[in-house]
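Below is one structure, written out as structure tokens; comments come after it.
Just so it is clear: chains get the letters A, B, ... in the order the sequence lines come, proteins before strands, and each one is counted from 1.
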There are 2 protein chains.
Amino acid sequence: MGNSVSINILRQSGIFKVLDDNELRDLEKIARERRLVAGEAIFWEGEDADRFYIVAQGKIKVTKLASTGKEIILSFFGPGEIFGEAAVFEGKPYPASARSASAARLIGFHKDEFLDFLQQHPQVALRIVALLSGRLREAQSRLRDLAGERVEQRLARMLLMLSARLGSAIPFTRQELSEMSGTTTETTIRILSQWRERGLIRSTRGKIVILDEAKLRLLAEGPPQI
Amino acid sequence: MGNSVSINILRQSGIFKVLDDNELRDLEKIARERRLVAGEAIFWEGEDADRFYIVAQGKIKVTKLASTGKEIILSFFGPGEIFGEAAVFEGKPYPASARSASAARLIGFHKDEFLDFLQQHPQVALRIVALLSGRLREAQSRLRDLAGERVEQRLARMLLMLSARLGSAIPFTRQELSEMSGTTTETTIRILSQWRERGLIRSTRGKIVILDEAKLRLLAEGPPQI
DNA sequence: CGCCTATTTGAAAACCGTCAAAGTATGTGG
DNA sequence: CCACATACTTTGACGGTTTTCAAATAGGCG
């Protein structure tokens, strides 16, 4: 089942960087591969959290539903990134739903098996602590944005954050951007259209390219001072 | 310096429950006590994170500033609770500012000393993983609320969350509630006044008591269906 | 080519923030 | 113990940002 591929993905995943080849082979023994077509459910909010995953290929979307029926995107994950781990380590149900946003390949770890592994490799626990700390930092930054910034600033910050992670070509639709930024598709379109007219961005269906990062950064810092 | 007091606080702090008395005494050796009057700064956003704290007495407010100058309250911490730890474990500057909301007593741990301790007590690392996972869950729940719910729903959810943690008497001003919920003082007052007229809450200066939790829970789930 | 989804635009209204002013508890110092 | 300062609470009016609803256009995939 493509062992060598798995090991390479595990190696680049951040929390397993501290493991040597022997330890990685141990880890691989408890890894299970899973292939998904686009739009397939991985887990649902409220479901018992017995597994977490590392993305080997593709894009995964993690969402929560608001009482209005609005779907909020909490995060996207790409190759090498981990998701579902917090629920597993807290021993509570998944707090959000996950599904593939494209065809994808995942590496899954079962809770009990992984906790055993963790007992024998305490240095991995410290890497997980750092990972979760980073996630928390990002969540708090977004909380600040959602609670204190206007829509235009939120969108500018979201694009800048995405381009820092993914490069200047940002592979998201306006609907996805709006669900990440806590606004509506229409408002997102109106603002991005304006930015395109001003030469800040270029865009095709489902993809946005930042042309003038400096101006976008100014916008992100506050309303344009007349 | 009040050793026995410190040990009792450490014991009730969640992440140190797994330690026996000997280990707690080792931990106490690297603990430093700090006393604060109300409104004193503990650390500032952007400052190098070399310490984290456990609250022994009092109430601590952790905030972030929006570009508009609006102050957003990320969280409040009371006795037994830990704060500042994520930045320390990630090795990055504090992502938010902390100050006392009342007279307070803190127990501080220095980064390097604590990391040494952690090396020798790996089971604590797992407790920290669980703690951070819980924080992340809460942050994501609030992200959903801020991104997808209206102000009235957000306030209802905030009150319910606070009362679940603190009991039905909620010791916060309307300004604090608004800064936690991503709205303004005036809007918070208007909504709480309406709730008071309808008998959902009772309130004195700086304190709110939930009278009808069931109705509040209904409100939190969506706009009142006419 | 046709279907599905993404993008676009417009108009109206709702929600909420902003600004201004006044009233009311709390505690401090004289 | 009272007066005063301070911070919290309250109310009203207004306006702006953003959502909502509706309908049309356009791009990509089978």
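- If you take CD of A:Gln175 and P of C:dC4, they are 17 Å apart, rounded to a whole angstrom.
- Regarding contacts with the backbone of D:dT10, a side-chain N or O of B:Arg174 is found under 4.0 angstrom from either OP1 or OP2.
- Contact annotation: B:Thr187 side-chain N/O to C:dC16 OP1/OP2 distance is not under 4.0 Å.
- At a cut-off of 3.5 angstrom, the base of C:dC16 holds no donor-acceptor pair with the side chain of B:Glu186.
- Rounded to whole Å, atom C1' of D:dT18 lies 13 Å from atom CD of A:Glu152.
- With values rounded to the nearest 0.5 angstrom, A:Met158 atom CE is found 4.0 Å from A:Arg142 atom CZ.
- Note on A:Thr185: every side-chain N or O is 4.0 Å or more away from OP1 and OP2 of C:dA6.
- Whole-Å rounding puts the A:Arg150 CZ to D:dG16 P distance at 11 Å.
- A residue-by-residue look at A:Thr204 and A:Glu149 shows that A:Glu149 has its nearest nucleotide of DNA chain D further toward the 5' end.
- Looking at A:Lys61 and A:Glu71, no side-chain N of the basic residue comes within less than 4.0 Å of a carboxylate O on the acidic one, giving no salt bridge.
- Of the side-chain N and O atoms in A:Arg154, none sit less than 4.0 angstrom from OP1 or OP2 of D:dT17.
- Rounded to whole angstrom, the span from the CD1 atom of A:Ile189 across to the P atom of D:dT25 amounts to 16 Å.
- Taking atom CG of A:Leu192 as the reference point, atom C1' of C:dT9 lies 15 Å away to the nearest angstrom.
- Note: CZ (A:Arg190) to P (C:dG10) measures 9 Å, nearest angstrom.
- Contact between the side-chain N/O atoms of B:Thr184 and the OP1/OP2 oxygens of C:dG17 is found at a separation under 4.0 Å.
- Residues A:Arg205 and A:Thr183 both approach DNA chain D. Their nearest nucleotides, taken by heavy-atom distance, put A:Thr183 toward the 5′ side.
- Partner B:Phe52 forms a ring pair (Phe, Tyr, Trp, His ring centres under 6.0 Å) with one of B:Tyr94, B:Phe77, B:Phe109 and no other, that one being B:Phe109.
- Atom-to-atom, CD of B:Gln194 to P of D:dT9 comes out at 18 Å; the value is rounded to the nearest Å.
- Note: B:Phe43 and B:Tyr53 have parallel aromatic rings, judged against thresholds of 30 and 60 degrees for the angle between ring planes.
- Considering only heavy atoms from C-beta on, B:Arg144 comes within 4.5 Å of B:Glu149 through its side chain.
- The separation between A:Leu177 atom CG and C:dT8 atom P is 12 Å, rounded to whole Å.
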